[in-house]
Number of protein chains: 2
Amino acid sequence: MTYSLEHIVGALKAAREEKGLSQRELSARAGVPQAHISKIENAAVDLKLSSLVELARVLGLELMLVPRSLVPAVQTMIGSADGASSPPGETHRTLNELKRLRNLLAQGTAQSTELPPDAREDWERLQRTVNELGHLRFGPAEREQLRRVVEQVRRAQKHPKRAGTLRAASNELRTLRNRLAHGIAEIASGPKPAYILDDEDDNA
Amino acid sequence: MTYSLEHIVGALKAAREEKGLSQRELSARAGVPQAHISKIENAAVDLKLSSLVELARVLGLELMLVPRSLVPAVQTMIGSADGASSPPGETHRTLNELKRLRNLLAQGTAQSTELPPDAREDWERLQRTVNELGHLRFGPAEREQLRRVVEQVRRAQKHPKRAGTLRAASNELRTLRNRLAHGIAEIASGPKPAYILDDEDDNA
DNA sequence: TAATTTGATATACTTAAATAGATCAAAATC
DNA sequence: GATTTTGATCTATTTAAGTATATCAAATTA
């Protein structure tokens with residue numbers, strides 16, 4: 001296989017991992033069997049253009065033919081867009097942490113109607129907040145804070161009647177969200193995104 | 001077929017035409033049958049990645065997966081690199097004109113040994129000069145001048161004993177070459193390319 | 001520790017890309 | 001006007017992508 005094929009195939013795998021998807025999850029989204037995805041990522045097939053385009057689309061990528069002389073410049077652009085403020089692999093871990101939290105909240109949703117009103121409010125607030133985090137950019141410290149929130153939610157689910165744990169988790173997640181939203185404004189020179197905040201915790 | 005597939009296929013055809021190649025010529029270089037190239041360019045097959053990569057390579061292109069958000073920027077870069085100082089289609093016509101001239105000179109080479117020494121020298125000078133033109137950038141006026149040179153060479157071949165026609169063609173081609181080389185230096189801000197010129201017609 | 005998920009590999013089948021070569025009408029060239 | 005070149009289409013054959021499904025060992029999660 002030529003360099004270019006290996007490069008394409010490697011980029012697909014990296015993009016899948018970057019999005020925190022398993023091969024089975026990508027399979028479900030792209031309509032391609034998991035076994036075939038494994039072969040593709042291992043360059044064990046010479047895949048068809050339409051298959052490549054579909055996989056790329058699901059992963060937020062577009063296939064382009066670029067004059068060879070411009071390849072280094074384009075690679076630099078891509079690198080700048082991807083690498084900003086996260087160390088390698090960090091995005092993957094963060095997405096996995098967010099996934100765990102969403103799973104916990106999804107599992108517990110049926111039970112949350114049995115909670116006292118205060119706790120149910122915390123639960124819903126957690127769900128709203130976690131949905132606001134997906135596009136924000138985490139560092140290791142932020143991911144560690146997210147992990148603590150996941151722990152707190154897990155403990156709260158184990159002892160539903162223990163007062164305050166869900167509230168603490170909700171507050172900490174909100175703090176994390178505001179801190180990240182604030183940091184994004186600093187990184188992105190330009191007008192800040194317009195947030196409509198439901199809480200008084202507004203540092204923007 | 002999705003937009004992206006059509007885009008890729010269109011870019012291949014445009015690149016082939018830009019280089020002044022016929023489907024048969026591309027076939028010979030890429031090792032793909034002409035009939036298949038026709039189908040590819042008409043989106044009548046869902047071609048394999050290895051075929052695409054090979055065609056792209058021959059055409060001076062590289063296949064890249066680009067984040068969707070960067071596609072407009074990359075397209076702008078590509079447009080700037082291609083479109084500089086030539087109107088659409090101009091490069092194609094110029095390459096065809098250069099091809100004609102090369103063909104004429106190649107056909108006439110065997111006979112040129114029968115020419116008087118002066119005329120033979122003009123012939124060789126024409127051949128050297130035409131080889132220096134391939135990478136230079138023509139406008140409509142320059143292409144018209146090239147066309148006149150092709151006419152002059154054709155006439156010289158019809159009447160080999162008519163004095164001066166070959167010399168006139170050789171001089172005009174040299175003038176065109178120097179003008180283009182000079183123009184290139186003006187377009188490309190930066191150090192001028194280092195030419196080693198065989199003639200006194202040195203305007204650099 | 002047990003259960004679940006993951007990526008890799010296998011079998012069997014269907015569909016189509018790729019190839020070789022020929023041929024045609026239209027366009028371009030001489 | 002005659003010849004050559006071009007892009008498109010055709011037939012027949014071979015090879016392999018794509019699919020469905022199962023299974024496995026290793027890794028991860030609970």
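Since the model is a prediction, treat every value here as computed from it, not as a measurement. A, B, ... follow the sequence lines: proteins, then strands. Residue 1 opens every chain.
Between B:Val45 and B:His36, the closest side-chain pair of non-hydrogen atoms falls below 4.5 Å. Side-chain contact check for A:Asn171 versus A:Arg125: some heavy-atom pair is nearer than 4.5 Å. Two residues are said to be in side-chain contact when any heavy atoms from C-beta on lie closer than 4.5 Å; A:Gln75 and A:His7 meet this criterion.
Residue A:Asn42 places no side-chain N or O under 4.0 Å from the OP1 or OP2 atom of C:dG7. Between B:Ser38 and D:dA8, a side-chain N or O to OP1/OP2 separation shorter than 4.0 Å is present.
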Is there any protein nitrogen or oxygen under 3.5 Å from a nitrogen or oxygen in nucleotides 23-26 of chain C, and what are the pairs?
none

Short heteroatom pairs, N/O only, protein and nucleotides 17-19 of chain D, under 3.5 Å:
unit_1, atom_1, unit_2, atom_2, d
D:dA17, OP1, A:Asp46, N, 3.4
D:dG18, OP1, A:Lys48, N, 2.8
D:dG18, OP1, A:Ser51, OG, 2.9
D:dG18, OP2, A:His36, NE2, 2.8
D:dG18, O5', A:His36, NE2, 3.4

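One finds no salt bridge joining A:Glu25 and A:Lys19 here, because no Lys/Arg side-chain nitrogen approaches an Asp/Glu carboxylate oxygen to under 4.0 Å.
Among the heavy atoms of the strands lying under 4.0 Å from B:Ser22 are primed sugar atoms or P, OP1, OP2 only; no base atom is included.
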Kindly indicate, with the supporting measurements, whether the criterion side-chain contact (heavy atoms from CB on, under 4.5 Å) is fulfilled by A:Leu49 and A:Leu63. CA-CA 10 Å; A:Leu49 191 47; A:Leu63 198 61; 3.5 Å; yes
Can you check salt bridge (Lys or Arg N to Asp or Glu O under 4.0 Å) on B:Glu62 and B:Arg57, steps first, answer last? CA-CA 6 Å; B:Glu62 195 80 24; B:Arg57 182 190 66 78; over 6 Å; no
A:Arg177 vs A:Thr129, side chain to side chain donor-acceptor pair (under 3.5 Å): CA-CA, chis, key distance, verdict: CA-CA 7 Å; A:Arg177 177 239 163 253; A:Thr129 311; over 6 Å; no
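For the side chain to side chain contact (heavy atoms under 4.5 Å, CB included) with B:Ile8, the qualifying choice from B:Leu52, B:Leu47, B:Ile40 is B:Leu52, the only one to do so. Looking at B:Ile78, B:Val74, B:Leu61 one by one, the single match for side chain to side chain contact (heavy atoms under 4.5 Å, CB included) with A:Leu70 turns out to be B:Ile78.
Atom CG of A:Leu26 and atom P of C:dG7 are 10 Å apart (whole Å). The distance from atom CD of B:Gln23 to atom P of C:dA27 is 15 Å, rounded to the nearest whole Å. In this structure, the CD1 atom of B:Ile37 is 17 Å from the P atom of D:dT5, given to the nearest Å. A:Lys13 places its NZ atom 14 Å from the P atom of C:dT6, with the value rounded to the nearest Å.
Note that the OG atom of B:Ser50 and the NZ atom of A:Lys48 stand 12.0 Å from one another [nearest 0.5 Å]. One finds the CZ atom of A:Arg29 at 12.5 Å from the CG atom of A:Leu55 (value rounded to the nearest 0.5 Å).
Summary for the helix from C:dT1-D:dA30 to C:dC30-D:dG1: the axes at its two ends, each from 5 pairs, differ by 60° when rounded to the nearest 10 degrees.
Nearest nucleotide to the side chain of A:Glu25, out of C:dG7, D:dG7, C:dT6: C:dT6.
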